[in-house]
Amino acid sequence: MRSELSAGGRRLGGRFPLPLGFAAVAGQAVALAVWAAHTPGGEPERAAAAKDDGKVAITYIVTGDRPTAEVSYDAPTGSEDHEALALPFKAQYRFQKREWVSLSVQNRWQNGPGTMMCTILANGVVVKQAKASGKHAIASCSGFAGGNKPVPGAKIPALTAPGLPKGEVRLTKVVRVPRYKGPGSPVLGRVDDGDARLSYAALGGAWGPSRRSDPEVTGYGRRQVFDTDPSWQAVFTSGKVSSELLGAFKGPDKLRALASAVQDDRQYKTFTDTTTGRDVASQPLNVSGRKGWVIVREMHYRKEGVSSTMDLSAVVVVDTGRPRPSFVWLDVPASHKRLWPDINTLIRSLRAR
């Protein structure tokens, strides 16, 4: 992964993205419906069912190929601003004729490059639509209620969950972690991360000593690193999962979903914008009687001055019984693939308390 400060004090990707889970807007009395749609088709149209009161039924729709976005729009009682709405998003209101309406969507930089689209419907017809692509892409739609002509050829976008970008792979079935070939690193003892309530092997050889880190600044409580290139490092960290990622920790498959969310966060925060992530292993773990999950992902990238074009990234999450599960993250570039067996060492040595 990339190192972002000097060799003596590098930041290893500190912050985590906002939740990937449901984020809805509280409806006002004048609103017909406001919701974040997570299933194809969303809810039925309600604007047409409202009585004819001379007002214009305005529908806001936001779609894109990223899971979340920053969304702002005008409601009859004022503006609404949201930093991490789950996509697709839809809201319906009734406005006075000629009243100003606007909708803006911006891709969150934590998502990596993506495409966003805003759409405004007036009485069920598309009157405004815009699309933008990029890491900070912004699409804006605005006009006067009842004062805009239909957009020729524009279609109402389907409310389907965003798919993966081309080349990305996310495993939805169990694929066990292979036994990687190579000498691996010697084990010098154990690391005890009291805040995460985890302990695991302290790696020697090329690895520097395990050091404490401020989780409020970096997002983890312990770390080990070594330089693989002047601007690139292998990384071994642990801590508690950020509360901002707990939206993924729901449902019967919550541990796998959370491990994937942590991997996504690491991919978008600590690798280049054009990195492609491909899961190669995903399996449940029993960690001292606690449930856990590990996902191993190949991070494919190109960066000037870095000899490797792929890192092997392993994330383990463990439900320790506290509100925030804990995690361990180990990332080693292919230039040092002889140390990929360190992933097996981590899994074998991991304990919870």
task: Decide yes or no for Leu171 and Ile295: does some side-chain heavy atom of the first lie under 4.5 Å from some side-chain heavy atom of the second?
output: no
statement: Rounded to the nearest 0.5 angstrom, the NZ-CZ distance for Lys240 and Phe327 is 11.5 Å
task: Establish whether Val332 and Val294 are linked, either directly or via other cluster members, by ILVMFWY side-chain heavy-atom contacts under 4.5 Å.
output: yes
message: If hydrophobic clusters are built by linking Ile, Leu, Val, Met, Phe, Trp and Tyr wherever their side-chain heavy atoms come under 4.5 Å apart, do Val328 and Leu258 end up in the same one?
response: no
query: So if you build clusters from Ile, Leu, Val, Met, Phe, Trp, Tyr with side-chain heavy-atom gaps below 4.5 Å, do Val127 and Phe95 land together?
result: yes
query: Is there a donor-acceptor pair closer than 3.5 Å between any side-chain N or O of Asp342 and the backbone N or O of Gly184?
result: no
message: What verdict does the side-chain contact (heavy atoms from CB on, under 4.5 Å) test give for Val101 and Tyr60, after you've listed the backbone C-alpha separation in whole Å, the side-chain angles of each residue and the deciding distance to 0.1 Å?
response: CA-CA 9 Å; Val101 296; Tyr60 296 133; 3.5 Å; yes
- request: Apply the test side-chain contact (heavy atoms from CB on, under 4.5 Å) to residues Thr270 and Trp329: give CA-CA distance (whole Å), side-chain angles for both, the deciding distance (0.1 Å), then the verdict.
  value: CA-CA 12 Å; Thr270 61; Trp329 175 46; 3.9 Å; yes
- request: State whether the side chain of Arg108 and the backbone N or O of Glu83 hold a donor-acceptor pair below 3.5 Å, judged by distance alone.
  value: yes
query: How long is the span from the CG atom in Asp74 to the CD1 atom in Ile58, to the nearest 0.5 Å?
result: 11.0 Å
- prompt: Are Val191 and Leu339 connected, step by step, through hydrophobic side chains (Ile, Leu, Val, Met, Phe, Trp, Tyr) whose heavy atoms are closer than 4.5 Å?
  reply: yes
CA sep, side-chain torsions, deciding dist, call: Gln129, Thr119, side chain to side chain donor-acceptor pair (under 3.5 Å): CA-CA 4 Å; Gln129 195 167 68; Thr119 302; 3.0 Å; yes
Exercise: do Thr228 and Ser335 side chains pair donor with acceptor under 3.5 Å: no
query: Mind checking whether Val175 and Val280 have side chains closer than 4.5 Å, heavy atoms only?
result: no
task: Could you tell me whether a side-chain N or O of Ser288 sits under 3.5 Å from a main-chain N or O of Ala352, the two making a donor and an acceptor?
output: yes
query: Considering residues, nucleotides and ligands other than Arg176, do more than 12 of their heavy atoms fall under 6.0 Å from its CZ?
result: no
query: Are Arg302 and Thr274 close enough that some pair of their side-chain heavy atoms sits under 4.5 Å apart?
result: no
query: Got a sec, which residues hit side chain to side chain contact (heavy atoms under 4.5 Å, CB included) with Leu255, two or more places apart in sequence or on another chain?
result: Phe249, Lys291, Trp293, Val317, Asp319
field: Heavy-atom pair with the smallest gap, counting every atom of Ala281 and Pro178
entry: CB-CD, 4.3 Å
query: Considering only heavy atoms from C-beta outward, does the side chain of Asp264 approach that of Arg297 to under 4.5 Å?
result: yes
- prompt: Checking Arg211 side chain against Val225 main chain: does a donor-acceptor pair fall under 3.5 Å?
  reply: no
- prompt: Out of curiosity, Asp65 CG to Thr115 OG1, how far, rounded to the nearest 0.5 Å?
  reply: 4.5 Å
message: Does any part of the side chain of Leu203, heavy atoms only, come nearer than 4.5 Å to the side chain of Phe236, both counted from C-beta?
response: yes
- request: Tell me, with the steps shown, if Tyr200 and Arg222 meet side-chain contact (heavy atoms from CB on, under 4.5 Å).
  value: CA-CA 11 Å; Tyr200 47 85; Arg222 303 286 308 198; 3.6 Å; yes
- request: Hey, could you give me the OH/OG distance between Tyr73 and Ser79, rounded to the nearest 0.5 Å?
  value: 10.0 Å
Side-chain donor/acceptor of Asp192 to backbone N/O of Ser199, under 3.5 Å: no
query: Would Ile61 and Val125 show up in the same hydrophobic cluster when neighbours are defined by side-chain heavy atoms closer than 4.5 Å?
result: no
message: Parallel, tilted or perpendicular: which one describes the rings of Trp340 and Tyr180, with boundaries at 30° and 60°?
response: perpendicular
message: Main chain of Glu168, side chain of Asp279: is a donor-acceptor contact present, judged purely on distance under 3.5 Å?
response: no
task: Would you mind reporting whether Leu246 and Pro325 have side-chain heavy atoms less than 4.5 Å apart?
output: yes
task: Go through the steps to decide whether Leu312 and Lys337 satisfy the test side-chain contact (heavy atoms from CB on, under 4.5 Å), and finish with yes or no.
output: CA-CA 8 Å; Leu312 198 61; Lys337 64 185 301 181; over 6 Å; no
field: Which atom of Ser104 lies closest to which atom of Ile138, heavy atoms considered
entry: OG-CG2, 3.9 Å
field: Taking every non-hydrogen atom, the tightest pair across Cys118 and Leu103
entry: CB-CD2, 3.8 Å
query: In terms of heavy-atom contacts, does CZ of Arg190 have more than 12 from other residues, nucleotides or ligands at under 6.0 Å?
result: yes
field: Heavy-atom closest pair, residues Val174 and Pro284
entry: CG2-CD, 4.0 Å
task: Enter the distance from Gln283:CD to Ile347:CD1 here, rounded to the nearest 0.5 Å.
output: 6.0 Å
field: Heavy-atom check, side chain of Leu87 versus side chain of Met116, under 4.5 Å
entry: yes
message: Run the side chain to side chain donor-acceptor pair (under 3.5 Å) test on Tyr268 and Arg66 for me, step by step, so that the C-alpha distance in whole Å, both residues' side-chain angles and the decisive distance to 0.1 Å come before the verdict.
response: CA-CA 12 Å; Tyr268 301 141; Arg66 301 283 83 186; 3.1 Å; yes
field: Side-chain heavy-atom pair Leu159, Lys90 within 4.5 angstrom cut-off
entry: yes
- prompt: Atom CG of Asp193 and atom OG of Ser238: how far apart are they, to the nearest 0.5 Å?
  reply: 3.5 Å
- prompt: Do Ser72 and Asp81 have side-chain atoms, one donor and one acceptor, less than 3.5 Å apart?
  reply: yes
His82 ring center near Phe89 ring center (under 6.0 Å): no
message: Using every non-hydrogen atom in the two residues, find where Val315 and Ala259 come nearest and quote the distance to one decimal.
response: CG1-O, 4.0 Å
field: Arg322 atom CZ: more than 12 heavy-atom contacts under 6.0 Å
entry: yes
task: Only one of Glu298, Gln263, Gln267 passes side-chain contact (heavy atoms from CB on, under 4.5 Å) with Ser313; say which it is.
output: Gln263
- prompt: Mind checking whether Trp100 and Phe144 have parallel, tilted or perpendicular rings, split at 30° and 60°?
  reply: perpendicular
query: Any donor-acceptor pair under 3.5 Å linking the side chain of Thr218 with the backbone of Asp214?
result: yes
field: Nearest heavy-atom neighbours spanning Arg170 and Ser260
entry: CD-OG, 4.1 Å
query: Are any side-chain N or O atoms of Thr275 and backbone N or O atoms of Thr272, one a donor and one an acceptor, separated by less than 3.5 Å?
result: yes
field: Donor-acceptor pair, side chain of Gln233 and main chain of Phe226, under 3.5 angstrom
entry: no
